[in-house]
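Here is the structure we will look at.
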Amino acid sequence: MHVKIFFCTLLLTLGLSTSDEFTYNGFKGVNLSLDGLAGITSDGLLRLTNATKHAMGHAFFPSPMRFKKSQADNVLSFSTTFVFAIFPEYQMLGSAGFTFVLSPSKELAKASADNYLLGIVNMTNNGNASNHILAVEFDTWKSPEAEDINNNHVGIDINSVISNYSKPAGFTSDDDGKFQNLTLFSGELMQAWIEFNGRNMQLNVTLAPLGKPKPKIALLSPTINLSSIILDHMYVGFSGAGGSTYSYYYILGWSFQMDVRAPELNLSSLPSLPQNLISSSSEEKQKTLLPWLPLSLFLVLLTIAGATLVVVRKKKFSEIHDDWELEFESNRFPYKQLHKATRGFKDKCLLGIGGFGRVYRGVLPGPKVEVAVKRVAHESKKAVREFVAEIVSLGKLRHRNLVQLLGYCRRKGELLLVYEYMPNGSLDKFLFSETKQTLDWSLRIQIIKGVASGLQYLHEGWDEVVIHRDIKASNVLLDGDMNGRIGDFGLARLYDQGAAPQTSNVVGTLGFLAPELARTCNVTTSSDVFAFGVFLLEVACGRRAIEPNKQESEQVLVDWVFANWKVGTIHETKDLRLGEDYVLEELDLVLKLGLFCSHPSPSARPSMRQITQFLNGDASFPEMLPYEFRAGGVS
Ligand SMILES: *[C@@H]1O[C@H](CO)[C@@H](O)[C@H](O)[C@H]1NC(C)=O
Ligand SMILES: *[C@@H]1O[C@H](CO)[C@@H](O)[C@H](O)[C@H]1NC(C)=O
Ligand SMILES: *[C@@H]1O[C@H](CO)[C@@H](O)[C@H](O)[C@H]1NC(C)=O
Ligand SMILES: *[C@@H]1O[C@H](CO)[C@@H](O)[C@H](O)[C@H]1NC(C)=O
Ligand SMILES: *[C@@H]1O[C@H](CO)[C@@H](O)[C@H](O)[C@H]1NC(C)=O
Ligand SMILES: *[C@@H]1O[C@H](CO)[C@@H](O)[C@H](O)[C@H]1NC(C)=O
Ligand SMILES: *[C@@H]1O[C@H](CO)[C@@H](O)[C@H](O)[C@H]1NC(C)=O
Ligand SMILES: *[C@@H]1O[C@H](CO)[C@@H](O)[C@H](O)[C@H]1NC(C)=O
Ligand SMILES: *[C@@H]1O[C@H](CO)[C@@H](O)[C@H](O)[C@H]1NC(C)=O
């Protein structure tokens with residue numbers, strides 16, 4: 001590693017000193033300004049993030065660069081090159097991504113890692129011209145909010161994560177002029193060049209696999225007048241971010257120079273990547289190749305062991321692949337891998353049996369990630385195509401209160417859906433089981449707020465409105481921090497599209513079905529709100545929506561709570577196991593909000609947005625009297 005520092009004579013005479021060039025072939029002992037998750041490993045790698053979700057890291061050259069000559073507005077030429085590799089938590093999925101960034105400040109700590117903001121902006125200042133941020137993003141997640149083109153692209157971002165220019169990652173080969181794709185999150189080493197020509201204002205971004213000379217044709221080469229974006233002095237560096245999955249972003253070497261082309265990196269003196277990452281990613285790769293092997297396996301085994309064994313084996317792991325599925329290839333898990341992860345779907349690994357099928361706990365080989373694998377029966381071939389498309393697209397929804405879908409696998413008559421594993425299981429176990437320790441009030445409120453925010457996201461946070469249709473305590477799962485996460489979203493569609501072997505059209509659970517669904521099959525967000533209201537009552541009262549063993553007036557939870565409200569005893573419906581551990585105002589809010597949501601008339605119910613405002617105290621809950629509330633309704 002070698003650092004050259006040049007002093008700009010003009011600045012020297014002013015008594016200021018600044019460097020305008022550096023070359024790092026590895027970062028051992030290098031003084032960078034790091035924050036968040038960023039660090040330099042003992043091997044001399046710059047690692048922007050570690051295995052922490054919803055978090056970010058930044059690394060900046062410690063002193064600013066001068067991008068404009070005094071008095072002049074023109075932005076000077078600059079050039080940088082770096083070598084990087086991305087290792088995602090799940091081989092099939094990326095995570096947010098990383099950027100090379102020019103920023104007026106090294107303090108990007110107020111930026112947000114979440115979802116799509118890449119650690120350069122937050123929800124408030126995204127797109128604001130006063131940011132003065134120029135970033136080149138290496139984005140491995142398709143975020144609808146950022147209008148991303150795919151989950152593997154390079155983009156130029158001005159003050160915003162909505163890229164001004166972007167292209168799928170890849171390069172144009174100098175040999176044959178053909179475009180070749182690169183997968184950013186493959187763990188392969190790649191080199192990027194970012195060059196701005198101050199005279200013709202062309203900003204070139206070029207990518208290539210490590211070891212290839214810089215391709216002559218750039219991936220992106222727009223002409224941009226940067227003069228109002230770039231300030232006289234700017235810091236240069238990187239940001240890396242992870243959302244509900246993480247990635248490791250490694251930078252192995254980096255050079256930068258004002259005015260002329262950045263110094264070449266000495267590729268033979270770059271540090272090496274951690275051995276365990278490399279081996280686990282190549283092991284994974286072999287695993288994904290396996291489904292393509294059966295034919296050769298067949299031939300080899302035929303000679304060794306005879307036909308019987310092979311047929312059995314082939315059948316055991318056989319999957320269905322159709323042409324239309326190619327675009328979902330990166331979301332697919334090999335059946336054999338899931339079989340192994342769940343030890344052959346042993347009963348010992350069975351987590352539960354839900355409305356859609358059996359759920360198994362599994363541990364993926366390699367990175368040893370825990371997952372939940374749901375086996376769903378399906379019949380119609382056509383419907384499955386739509387369903388897979390939808391489920392893959394829903395899998396891209398990310399919110400801390402949704403159970404993340406990681407991928408799928410398809411066999412004859414069966415779909416396997418792979419989800420994040422939720423170590424604390426489903427909420428109903430805690431609420432209704434005599435044996436499990438009960439939940440204290442503050443946890444219940446935390447779970448309620450989380451589920452409300454997740455459901456609001458399903459209703460409003462995506463291009464299309466996603467209606468859950470089966471909100472209830474048993475579909476709320478608890479993660480390691482006891483946050484409530486909504487599971488099974490999107491699965492109701494499987495019934496709609498006729499793919500699931502069930503004749504009834506109404507999806508949902510008795511006791512949670514909005515009354516209008518009995519008349520029309522027109523599900524809306526307010527039928528979800530109805531079910532959410534019943535869910536609120538379940539949590540506050542610690543009992544199920546319908547309990548046939550109770551005396552008649554208490555069988556239906558909503559009616560029972562409502563009847564108590566009418567006579568002024570609503571608080572007596574609370575879960576007795578809470579004892580004195582509850583906040584009266586909160587209990588009152590949850591119970592009344594529960595009734596408000598389960599109002600018989602859909603138009604009278606609040607929206608999920610209003611509900612989260614009530615729960616967070618951002619809007620005051622309307623004081624209403626019981627008769628205003630359910631005039632003419634069921635009571
Ligand atoms: C990630 O880095 C942060 C900050 O350096 C540290 O506090 C945290 O423990 C690290 N987490 C993991 C999982 O390595
Ligand atoms: C690193 O650089 C900063 C900014 O130039 C400086 O304040 C700090 O003293 C340097 N640290 C070391 C260990 O050289
Ligand atoms: C967003 O970032 C800006 C600029 O860094 C900061 O002033 C603001 O407080 C941040 N907003 C939030 C909600 O964190
Ligand atoms: C942009 O940011 C500035 C400074 O933080 C703020 O005053 C202004 O209101 C913001 N503009 C918009 C449109 O949000
Ligand atoms: C591109 O950048 C400019 C800032 O120069 C911004 O105002 C504009 O909205 C951005 N977006 C697109 C799509 O051009
Ligand atoms: C490269 O990726 C794009 C989509 O990102 C795809 O349309 C194209 O077919 C791929 N090309 C090759 C040669 O794989
Ligand atoms: C930028 O890219 C364009 C198009 O690929 C190319 O013609 C031009 O020579 C490049 N400029 C530099 C400085 O490499
Ligand atoms: C670039 O934009 C600035 C103001 O934003 C303007 O003064 C300048 O003339 C522009 N340069 C060119 C070459 O158009
Ligand atoms: C590149 O690094 C290698 C190994 O550290 C060294 O032997 C070689 O001299 C370096 N090459 C240049 C051009 O600096």
Side-chain angles (χ1 to χ4, degrees), residues 32-42 45-59 75-81 87-89 95 103-105 107-111 113 117 119-133 136 154 156 158-162 165 167 170-174 177-179 191-208 213-224 226 228-229 231 239-242 244-250 257-262 264 274 276-277 367-369 480-481:
L32 294 178
S33 300
L34 303 173
D35 73 24
L37 304 179
I40 292 173
T41 69
S42 55
L45 295 158
L46 170 58
R47 195 179 66 192
L48 299 174
T49 51
N50 63 15
T52 310
K53 301 181 183 186
H54 298 292
M56 60 189 170
H58 298 109
V75 175
L76 300 172
S77 299
F78 61 87
S79 157
T80 188
T81 181
F87 292 90
E89 178 181 9
S95 179
S103 160
S105 150
E107 316 295 329
L108 284 179
K110 286 239 174 73
L117 297 161
I120 53 173
V121 290
N122 58 33
M123 229 105 95
T124 328
N125 69 356
N126 187 22
N128 191 321
S130 68
N131 291 344
H132 296 288
I133 282 177
V136 176
V154 179
I156 295 174
I158 296 171
N159 295 328
S160 165
V161 286
I162 300 178
Y165 308 92
K167 285 261 180 75
F171 66 101
T172 305
S173 163
D174 286 346
K178 288 218 175 83
F179 187 80
Q191 184 164 7
W193 295 263
I194 298 165
E195 295 156 310
F196 181 68
N197 180 335
R199 282 167 293 280
N200 65 8
M201 303 196 299
Q202 196 171 39
L203 177 63
N204 278 10
V205 179
T206 315
L207 188 66
K214 191 185 98 177
K216 291 201 177 61
I217 298 178
L219 180 61
L220 291 164
S221 54
T223 302
I224 318 178
L226 291 176
S228 61
I229 294 139
L231 303 179
S239 77
S244 43
T245 61
Y246 61 79
S247 287
Y248 293 107
Y249 306 104
Y250 285 102
Q257 182 153 15
M258 292 304 303
D259 262 339
V260 290
R261 193 165 163 178
E264 302 274 356
N276 59 338
L277 281 180
K368 301 256 177 293
V369 178
D481 299 324

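Numbering of ligands and ligand atoms starts at 1, following listing order. Owing to the predicted nature of the structure, the values given are computational and were not obtained by experimental measurement. Side chains included, hydrogens not; waters and symmetry mates left out as well; all remaining heavy atoms used.
Nearest protein neighbour of atom 5 (O) of ligand 7, counting heavy atoms only, is Ala218 N, 2.9 Å. Of the protein's heavy atoms, Ser221 OG, 3.5 Å lies nearest to atom 4 (C) of ligand 7. Among all protein heavy atoms, the one lying closest to atom 11 (N) of ligand 7 is Asn204 ND2, 2.7 Å.
Here Lys214 has side-chain heavy atoms under 4.0 Å from ligand 7, and that is the only part of it that gets that close.
In this structure, Asn128 CG and Asn159 CG are separated by 7.5 Å, a value rounded to the nearest 0.5 Å. If you take CG on Leu231 and OG on Ser105, they are separated by 11.0 Å, rounding to the nearest 0.5 Å. Rounding to the nearest 0.5 Å places CG of Asn122 at 7.0 Å from CG of Leu117.
Atom 14 (O) of ligand 7 is approached by the protein to below 4.0 angstrom, counting heavy atoms only. Checking atom 2 (O) of ligand 1 against the protein gives a heavy-atom contact under 4.0 Å.
The backbone N or O of Gly198 lies less than 3.5 Å from a partner atom in the side chain of Ser77, making a donor-acceptor pair. Under a 3.5 Å cut-off, the side chain of Asn131 and the backbone N or O of Asn125 do form a donor-acceptor pair. Here the side chain of Ser79 pairs a donor or acceptor atom with the backbone of Ala262 at under 3.5 angstrom. Under the 3.5 Å distance criterion, the side-chain polar atoms of Thr49 are matched with a main-chain donor or acceptor of Ser247.
Inclusion of Ile217 in the set of residues having an N or O under 3.5 Å from an N or O of ligand 7 is not warranted. Inclusion of Thr124 in the set of residues having an N or O under 3.5 Å from an N or O of ligand 4 is not warranted.
For ligand 4, the atoms sitting less than 4.0 Å from at least one non-hydrogen atom of Ser130 are 1 (C), 2 (O), 3 (C), 4 (C), numbered in the order shown with element in parentheses.
Heavy-atom proximity to atom 10 (C) of ligand 1, evaluated over Asn50, Leu37, Leu34, is greatest for Asn50.
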